[in-house]
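Each remark here refers to the structure printed beneath this line.
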Amino acid sequence: MTQPGPDIFFEANGLSREKAHELTAQALHGCDDGELFLEAARSESLVWDDGKLKSASYDSRAGFGLRAISEERVGYAQSSEVSEAALRRAAQTVRAVRAGHEGVMAAPPAGTNAALYPPDDPTLEMPFADKVRLLEEADAFARDLDGRVRQVSVSLAGSWQAVAIIRPEGREIFDFRPLVRFNVSIITADGERRGSGMHGLGGREHWADYIGGDAWREAVREALRQSLVSLEAAPAPAGEMDVVLGPGWPGILLHEAIGHGLEGDFNRKGTSAFAGLMGEQVAARGVTVVDDGTIPGRRGSLSVDDEGTPTSETVLIEDGRLVGYMFDRLNARLMKAAPTGNGRRESYAYAPIPRMTNTFMRAGKHDPQEVIGSVKKGLYAVSFGGGQVDITSGNFVFTCTEAYLIEDGKVTRPVKDATLIGNGKDALTRVSMIGNDLRLDPGIGTCGKAGQGVPVGVGQPTIRLDGLTVGGTG
């Protein structure tokens, strides 16, 4: 299929392709960098709850954002009206950042022929009635599995985003991005006890990837399993103990407690706990952390970022040593580094900032059972919910949604209300064993920063951390 060019953004509006190039070049003349970002997007969401379709929504948006950069100053104007008049008004606004500055426009992003996704829109490929039927079937399937199921909530969400980036030197870069997510939450009851479990799956795929096969059934089974474990869990003990983190989704702790501290803006401003430590040993030997936006189908993967830079595999920590940061164009230029394809924005309404894509720790050499078996008394954390992180200090608090005691090298009783308390930089030095079972999350992550949310991926193998503080109620 032939990919449409940027003309798709102009056909129904009063802005010609030629005029878009002309006004962009005029607005950014004398600036150090900048671009015109055009977006057309559609999204759909359905929620089935309490035995009926609770909500259904469909949204379509289009607009542009014009950015001008002079030294560290950023001028940004956005509009949902894609017209020549709106772009002229935006150009007058962003030119103010020049303030007499006469810069030299930075070199454009490197070109790429790689396109991770086709241009077709997945939100339109499956009839609405079939989507509702899927949610109804998932609800019935969950209730048939176990008589203790009391409430089932199932959701299905899909979106499609097309972006075009027009550079002042005349280059055009465009990308097409599908995104689908299926989520199920189950509450069980046994007498006075209540349990809850939630599982989801998703990626940059089409509805058919969830309708065909048993993927959604496995998600329902997993949510039920978590709920039944929660039903039996006892209060977690508190104190300092060895902690084993399971593979996959527990990488969210790595993302929050360490990943944000490796983003370029925090390090340029000196507000990250990792600022000024390039080349130094910041983690235990064997710890290698990467951010990779090139993995096809993953939630955080893009052909190019929202500045037009091709995504890449960026090694951040290698064998415990800090070797890289994640950069957008602005912070890379100011720190005399190369952009890494991490300039991202939620939509045309926002200027891009350094953001993670898929961030994970690479596998080690130990069998997961060997890691667990090495712990005399500790905690095995399988899944996490909410958490808080201070980027400047690196201090974090995370709540475990599924955890177990480890006693004499064996996983025993499930516990609830366990929290992990520590410091991201310090926690990396406490990694004593790394499993060989690297797993990425099932495709459910959304990261918030500076008021913007973007889809991301996380992951890790089974790892052991020595002497972490655990908060509990037991």
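Atoms considered below: every heavy atom in the structure, side chains included; atoms not considered: hydrogens, waters and symmetry mates.
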Test your reading of the model: is there a side-chain donor-acceptor pair from [X] to the backbone of [Y], 3.5 Å cut-off?
| X | Y | answer |
| --- | --- | --- |
| D437 | T462 | yes |
| T271 | F266 | yes |
| T288 | D319 | yes |
| W160 | P119 | yes |
| R98 | L28 | no |

For the pair V290 and F360, evaluate side chain to side chain contact (heavy atoms under 4.5 Å, CB included) and give the outcome as yes or no after the intermediate values.
-> CA-CA 6 Å; V290 302; F360 54 92; 3.2 Å; yes
Salt bridge check: are [X] and [Y] linked by an N-O gap of less than 4.0 Å?
| X | Y | result |
| --- | --- | --- |
| D33 | R167 | yes |
| D306 | R67 | no |
| K269 | D265 | no |
| D59 | R42 | no |
| E35 | R329 | no |
| E39 | R345 | no |

Just do the side chain to side chain contact (heavy atoms under 4.5 Å, CB included) check on E402 and S230 with the steps written out, would you?
-> CA-CA 7 Å; E402 183 180 358; S230 163; over 6 Å; no
Using 0.5 Å steps for rounding, measure from the [atom1] atom of [X] to the [atom2] atom of [Y].
| X | Y | atom1 | atom2 | result |
| --- | --- | --- | --- | --- |
| R225 | L145 | CZ | CG | 13.5 Å |
| M105 | I69 | CE | CD1 | 8.5 Å |
| R439 | Q460 | CZ | CD | 10.5 Å |
| L438 | M361 | CG | CE | 10.0 Å |
| T309 | D328 | OG1 | CG | 8.5 Å |
| N423 | S393 | CG | OG | 6.5 Å |

Mind checking whether [X] and [Y] have side chains closer than 4.5 Å, heavy atoms only?
| X | Y | answer |
| --- | --- | --- |
| L420 | L379 | yes |
| D408 | K376 | yes |
| L262 | T359 | no |
| M356 | V454 | no |
| I295 | E313 | no |
| I258 | V289 | no |
| L224 | T188 | yes |
| D417 | C400 | no |

Distance only, no hydrogens: is a donor on one side chain within 3.5 Å (strictly under) of an acceptor on the other, for T357 and D291?
->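 The answer is yes; a qualifying pair exists.
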Qualifying side chain to side chain donor-acceptor pair (under 3.5 Å) pairs, either residue in residues 293-304, two or more places apart =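 Checked against side chain to side chain donor-acceptor pair (under 3.5 Å) - neighbours excluded - the pairs reaching residues 293-304 are D175-S303, D292-T294, R299-T446, S301-N358.
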Can you name the closest pair of heavy atoms from [X] and [Y] and give their distance?
| X | Y | value |
| --- | --- | --- |
| L316 | L322 | O-CD1, 3.5 Å |
| Y350 | Y76 | O-OH, 2.9 Å |
| P442 | H199 | CG-CE1, 4.0 Å |
| T340 | F327 | OG1-N, 2.8 Å |
| I186 | A142 | CD1-CB, 3.9 Å |
| G453 | E346 | N-OE1, 2.8 Å |

Evaluate whether atom CZ of R413 has more than 12 neighbouring non-hydrogen atoms of other residues, nucleotides or ligands under 6.0 angstrom away.
->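 No - once you tally the heavy atoms of other residues, nucleotides and ligands closer than 6.0 Å, there are 12 at most.
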Around atom CD of Q388, are there more than 12 heavy atoms of other residues, nucleotides or ligands at under 6.0 Å?
->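 Counting other residues, nucleotides and ligands, CD of Q388 stays at 12 neighbours or fewer.
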Kindly indicate, with the supporting measurements, whether the criterion side chain to side chain contact (heavy atoms under 4.5 Å, CB included) is fulfilled by T112 and V304.
-> CA-CA 8 Å; T112 177; V304 295; 3.9 Å; yes
Only pairs under 3.5 Å count here: list side-chain donor-acceptor contacts from residues 239-249, not counting sequence neighbours, and write none if there are none.
from, atom 1, to, atom 2, distance (Å)
D242, OD1, G467, N, 3.1
D242, OD2, R464, NH2, 2.9
W249, NE1, F384, O, 3.0

With H260 via ring-ring contact (aromatic ring centres under 6.0 Å, His included) - residues at least two apart |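 Expected list: H255.
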Derivation of the side chain to side chain contact (heavy atoms under 4.5 Å, CB included) call for H101 and D32 | CA-CA 9 Å; H101 175 75; D32 295 319; 3.1 Å; yes
